[in-house]
Amino acid sequence: MTDVRPMIEVRGARKFFGPLEVLKGIDFSVARGQIVAVIGPSGSGKSTLLRSINHLETLDGGEVWLDGVQVNQTLARRPFERHINSVRQQMGMVFQHFNLFPHLSVAENITIAPMKLKGMAKADARALALKMLDKVGLADKIDAFPARLSGGQKQRVAIARALAMQPKVMLFDEATSALDPELVDEVNLVMKQLAAEHMTMVIVTHEMRFAAEVADRVIFMADGAVVEEGKPDDLFRNPVQERTRSFLKKFLNG
Amino acid sequence: MQGLDFSIVPEYLPLIGKGLWWTVVISVISALFSIVAGMGFALIVLYASPVVRYPVRLFMWLFMGTPLLLQLFLIYFGLVQIGIDIPALWSGIIGLSLHFAVYNADIFRAGIASLDKGQTEAARSLGFGAWQTRLYIVVPQALRNTVPAVGNMMIALLKESSIVSMIGIAELVHSAQLVISETYRPFEFYLTAAALYYVLNLILEAVLRGIERKVELSR
């Protein structure tokens, strides 16, 4: 390994919603090809943390770096807009509620960003869309509209849409929380496949079993702070902190 | 007393047809302008800097609070006084367009506001800028979601277009009046004009239903 620079680095991240401090100075980094799962109770700030990585939330303090470039740098409005748009092109984001564009076909959902942002020709973009859909097992849905897809299929298309920009990292914000239980596996399978391809991933999730299976490292957050982090085996089997223990106990019994 | 006699109508159909033609031309052009300008106003009201936003809001407020007829008179007769001489046809089109643009703007504004925030976030997360997101994601969806409401406005526009006869444009009502002044047969020719408006509206409604069905498929 020559490049030991972390892919994602967050230093002292602080965020307020009104008087409420939702991130109380968070530090963490993700190495190239590493998979980090962030777990914790609702309201712990894990989604806010993830969203601040690609600046969907603006931090009130601290820094976020992607592959050696500061994401939340201080710039005038227009230069910052240009900067953040180019940074975001390198980060794929998958949302809890899929957020597919309902007025566009599956193909168009995937091709619109490569075509409009990278100037890719239509035929090339379609070939790319087909390749990405093949990856998530939905090549036959290329001309369908999102309304005709199941939740699991929508989320797989959303993953394909993000992958089509060839991002350096993928951010998953509770990607399976809105799905019916029987549709969770098909999405998890795609994520596991990405993990096998050494995609750098940050996964915010409620699914402990999936986190244990796929993550290289697990971060447990509560009340806007990192309580404990470690290898999944250690954190799930021998949590050090009382807060972690009680959370996991509630989860495993509930 | 004089009975109804429609046998006189065919003789004057070419003249009535000309009026019908201008009603269609004026309505179609005004409808398109009112939709484009309406979306423009909606985007300005929602996103532009205060320097642009407040004058536009004031203008919209003035246009909503005054009658179309008065607006037409101001554009056609009033502006001449300060050296802006707009031909009657264009005065009519401008008046109708702006009048309905203001209503459309309100519909579009609500349509945009009701879009899920996740749509914008998804677009921004892919790397689209704020205006690119509006252009490719927000506006097309707002247009689709407001087809029924804007469609109703366009039906109103078609009927209200008769008001431009007041500034001397020979549209359907105006040409009916011309014929009546010659034949003294108001009932027959007003009814003919009414029937033609009705047919136009049936066609417009069919077109709108077609658009709605197409939009429904992609939702």
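Protein chains get the first letters and strands the later ones, always in sequence-line order, with residue 1 at the start of each.
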So does Glu108(A) pair up with Lys122(A), basic N to acidic O under 4.0 Å?
no

Between Leu171(A) and chain B, with a heavy-atom cut-off of 4.5 Å, which part of the residue counts as in contact: side chain, backbone, both or neither?
neither

Checking heavy-atom separations under 4.5 Å from chain B, one finds in residues 112-119 of chain A Ile112(A), Ala113(A), Lys116(A), Leu117(A)

Are a donor atom and an acceptor atom from the side chains of Asn72(A) and Gln70(A) found within less than 3.5 Å of each other?
yes

Residue pairs fulfilling salt bridge (Lys or Arg N to Asp or Glu O under 4.0 Å) with at least one residue in residues 102-116 of chain B, sequence neighbours excluded:
Asp106(B)-Arg109(B)

Can you tell me which residue pairs pass the side chain to side chain donor-acceptor pair (under 3.5 Å) test with a partner in residues 41-53 of chain B, sequence neighbours excluded?
none

Looking at Glu212(B) and Lys214(B), is there a salt bridge between them, counting it only when a charged N and a carboxylate O are closer than 4.0 Å?
no

Using non-hydrogen atoms and a 4.5 Å limit, figure out which bit of Met91(A) sits close to chain B: side chain, backbone, both or neither.
backbone

If one checks every heavy atom of Phe101(A) against chain B at 4.5 Å, the contacting part turns out to be both

With a 4.5 Å cut-off on heavy-atom pairs, point out which of His55(A), Arg161(A), Gln96(A) contacts chain B the most.
Arg161(A)

Any salt bridge between Asp67(A) and Lys168(A), counting N to O under 4.0 Å?
yes

Which distance, rounded to the nearest 0.5 Å, do you find between the OG of Ser27(B) and the CE of Met154(B)?
10.0 Å

Can you tell which of Gln90(A), Met93(A), Glu81(A), Arg82(A) has the highest number of heavy-atom pairs within less than 4.5 Å of chain B?
Glu81(A)

With sequence neighbours left out, what residues match Arg126(A) under side-chain hydrogen bond (donor to acceptor under 3.5 Å, both in side chains)?
Asp143(A)

